[in-house]
Amino acid sequence: MIVPMKKVSLIILGNTKEKTLKELQKMGLVHIEIAEGSGEKLAKLKNKMTLLESTALVLNEGLTKQTEQKEITYDKAYALANEVSDLCDVKKALQGEEITYVNELDRLKEWGDINPEALENLAKKNVKLTLFEAPKGEYNSLDQSVTTLALQKGKHSVKFLVVGEAEELIQHLNHYKLKLPQLSTEKLRQKIAEIKEKIQEINQKLLSFACFVDGIKSAIKQCEKEIEFEIYATGMNDEGLLENNQGSLSVAYFKGYIESDNLEKLTETARINSWGLVAEDPTEEDDVPTKLKNNKFVSLIYPLTDFLGTVPGYFEYDISGWFLAFILIFFGIIFGDGGYGLLITAVAAIPILKSVISKKKVQPAFLLIGLFGLSTLLWGTVTCTWFGLSPEQLPQWLKSLSIPVISNVYADKLWHPFWTSGDIGLTTSQNLQIFCFTLALIQLSVAHLKGAVRYRKSLKILGDVGSLLQLLGIYYLVLSLVVNPEVFSFSLVIGSIPVGTVSLALIGIGFVMSFVFANYEGSVIKSILESLTNIVSVLLGVVNVFSDIVSYIRLWAVGLAGAAISATVNELAGPLLGNLMFMLLAIILLVFGHGLNMILNVLSVIVHGIRLNTLEFSSHLDMSWSGHKFKPFE
């Protein structure tokens, strides 16, 4: 359930801000609503946080399983962060120098060793040498009076030097002249070696700091608290002045939210500290945080919803239990293979058993993965799907555990509902499609039943009842149009009930009820006018119901695709298993193929299974997942 909240406003004297916040911090019950703070101290704290976070990233690179962590105080952690930052700056500068020298060597590598000092000394002795690299044509057209020495003749160019003064030539070939390095190539190599040595020393020093990573992370958490405190302290603006016999005092206030059950504790604390306190029920205009409270089993869904970042709004529904129930079913159908279910269950069982043996708390995420594995195992059992093997390759006892109407063992059999005979019947695939559409009917019906319960004291309940009737009618329409128009004919009569006619009547009656009462807010006329204003959306709503039900066929389709991949992998590896020479290759192929298939199935669960809960189901609940978590200041 969503825990009931109270909106509270605290009025305090301006000079007691920090004292008040420290008192609230000790309580750890109030979610304070202040958007942002200001001030030099806050800016410094944010810079401090940035420095600590960058340090943690740097030191994490040197972390190994053998690294033994050492404790470090908050102040020492900050000093260490500064030292690491300085070392990284020096390292960055050295790397820049190294790149410059390496690029210079690359530029000169075809010239061999060059020493600009030696050339300068020769010039002082009236022996001037100038280096050029010019096209062959330019070189061959040089005046014979010019003394040159070809150093290297290529296919298209010539490297050569000019001996003596030849000003006109040098000007003519100026853009072919080699720019001499500031250092000799030998010294460049020495510089690079020295820089590499210095970088290595810095890297070793950074590695020696890896033992303080946990200390840096603890400092980050402490710094976060300091930033939060400063935001609240500076975010409370002085709103006015209170005159008394001692002069003027500023007054400040802030708003927040507290669990209704804890309001009495805050009231008593306010009385002791002489705070002004106003408590009221939040309205839909308020940005109320959401806190969910469920039993241990339903709470197993929290690791998944936290990963997705989905939080219901305070005035929306807590669908944690329904989310868990349906995602387990969707997961099992999408993975669809009992063998995969065994593997997932085994992977989850290892950390669970370790925690039980060591008497530690079992992480909910592992329990959730275990449930996913059991769901997949159950679906694989009832459909007789094991590692993509054909039913002929499986033992009889596994086949006997399956449910015939949806089992692969009876894939070629035609199933006859009690009102059909002869050649009119349903295949196993069609039975699976019906199962998926029935899941859609159940889940979407739950959404409108919850809506009906919410509006049970208002005529708006008839809008949800109308939507429910539409669902029932469109469900039969989907079976007729998508599954089998002969079995689910619109002329079908069971007993004395014309099923097809009744389904169409349900759609029509449901549409009228939804049209009239869906927007009811005290006046039927206004509700009808609202529907008329949005007539296009209202008409499209009927189409959306159809598409939402049909959308659940993705479960069957994705499961079928996964089974096809498994079977293909087995077909590729099968012939190799009979040959000892290729046995290892076959095993690698099987592990890779089935492993890749499982990864694709995980993505399918996220894309399809999660979508059915957070889009199709949620849209029928009018949920937008617009909430944010309740985070008390503590």
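Values below: every heavy atom of this structure, side chains too, minus hydrogens, waters and symmetry copies.
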| Taking C-beta and beyond as the side chain, do V446 and W322 meet within less than 4.5 Å on heavy atoms? | yes
Query raised in the report: Any side-chain heavy atom of F633 within less than 4.5 Å of one from V30?
Result: no
Check whether the side chains of N597 and Y340 place a donor and an acceptor atom closer than 3.5 Å, and report yes or no.
yes
*salt_bridge(K6, D281) N-O dist < 4.0 Å*: yes
Test salt bridge (charged side-chain N to carboxylate O under 4.0 Å, His left out), reference E230, set K48, K17, K41, output is K41
Compare all side-chain heavy atoms of F630 with those of T290 and state whether any distance is below 4.5 angstrom.
no
Residues S618 and N613: closest non-hydrogen pair is OG-O, 2.7 Å
For E33 and K7, run salt bridge (Lys or Arg N to Asp or Glu O under 4.0 Å): C-alpha distance rounded to whole Å, both residues' side-chain angles, the deciding distance at 0.1 Å, then the answer. CA-CA 10 Å; E33 188 184 72; K7 181 173 72 172; over 6 Å; no
One should read off an interatomic distance between K91 NZ and Q200 CD, to the nearest 0.5 angstrom, of 9.5 Å
Interatomic distance, OG@S527 vs CG@L459, rounded to 0.5 Å, equals 9.5 Å
To the nearest 0.5 Å, atom CD of Q363 lies from atom CG of L368 at 12.5 Å
CH2 of W275 to CD1 of I12, rounded to nearest 0.5 Å, is 8.0 Å
Between the CD atom in E71 and the NZ atom in K76, the distance rounded to the nearest 0.5 Å is 11.0 Å
Open item on the list: Could you go through H620 and S467, starting from their C-alpha distance and side-chain angles, then the distance that decides it, and tell me whether this counts as side-chain contact (heavy atoms from CB on, under 4.5 Å)?
Closed with: CA-CA 9 Å; H620 284 257; S467 297; over 6 Å; no
Is the closest side-chain heavy-atom distance between K191 and E194 below 4.5 Å?
yes
Open item on the list: In terms of relative ring orientation, are W625 and F323 parallel, tilted or perpendicular, with 30° and 60° separating the classes?
Closed with: perpendicular
Does F297 reach the side chain of L324, with side-chain heavy atoms less than 4.5 Å apart?
yes
So, S604 and N601: side-chain donor and acceptor under 3.5 Å apart, yes or no?
no
Audit row: E98, I199, side-chain contact (heavy atoms from CB on, under 4.5 Å) steps and yes/no: CA-CA 10 Å; E98 183 183 9; I199 291 174; 3.6 Å; yes
**Prompt:** Without hydrogens or angle criteria, can the side chains of D75 and T73 be said to hold a donor-acceptor pair below 3.5 Å?
**Reply:** no
**Prompt:** Angle class for the H31/H628 ring planes (parallel below 30°, perpendicular above 60°, tilted otherwise)?
**Reply:** tilted
Given side chains that start at C-beta, do those of Q443 and F330 come closer than 4.5 Å, heavy atoms only?
-> yes
The side-chain hydrogen bond (donor to acceptor under 3.5 Å, both in side chains) partners of H608 (sequence neighbours excluded) come to R554
CZ of F515 to CD of E530, rounded to nearest 0.5 Å, is 10.5 Å
Check: Y552/E616 side-chain N/O donor and acceptor closer than 3.5 Å:
no
Note to self: Using modelled atom types and a 3.5 Å cut-off, is there a donor and acceptor pairing between side-chain atoms of Q69 and backbone atoms of V213?
What the structure shows: yes
**Report entry** Heavy-atom side-chain contact between K217 and L59 under 4.5 Å
**Finding:** no
Item checked: Carboxylate-amine/guanidinium proximity below 4.0 Å for R271 and E268 -> yes
Going by distance alone, is a donor N or O of one side chain under 3.5 Å from an acceptor N or O of the other, for N273 and K19? no
Please walk me through it: do V8 and V278 pass side-chain contact (heavy atoms from CB on, under 4.5 Å)? CA-CA 5 Å; V8 294; V278 178; over 6 Å; no
Notebook entry, point to check: Are Y232 and F254 near enough that their ring centres are under 6.0 Å apart?
Noted result: no
Check: S38 main-chain N/O paired with T234 side-chain donor or acceptor under 3.5 Å: yes
* Specify whether F331 and F335 have parallel, tilted or perpendicular ring planes, treating 30° as the upper limit for parallel and 60° as the lower limit for perpendicular. => parallel
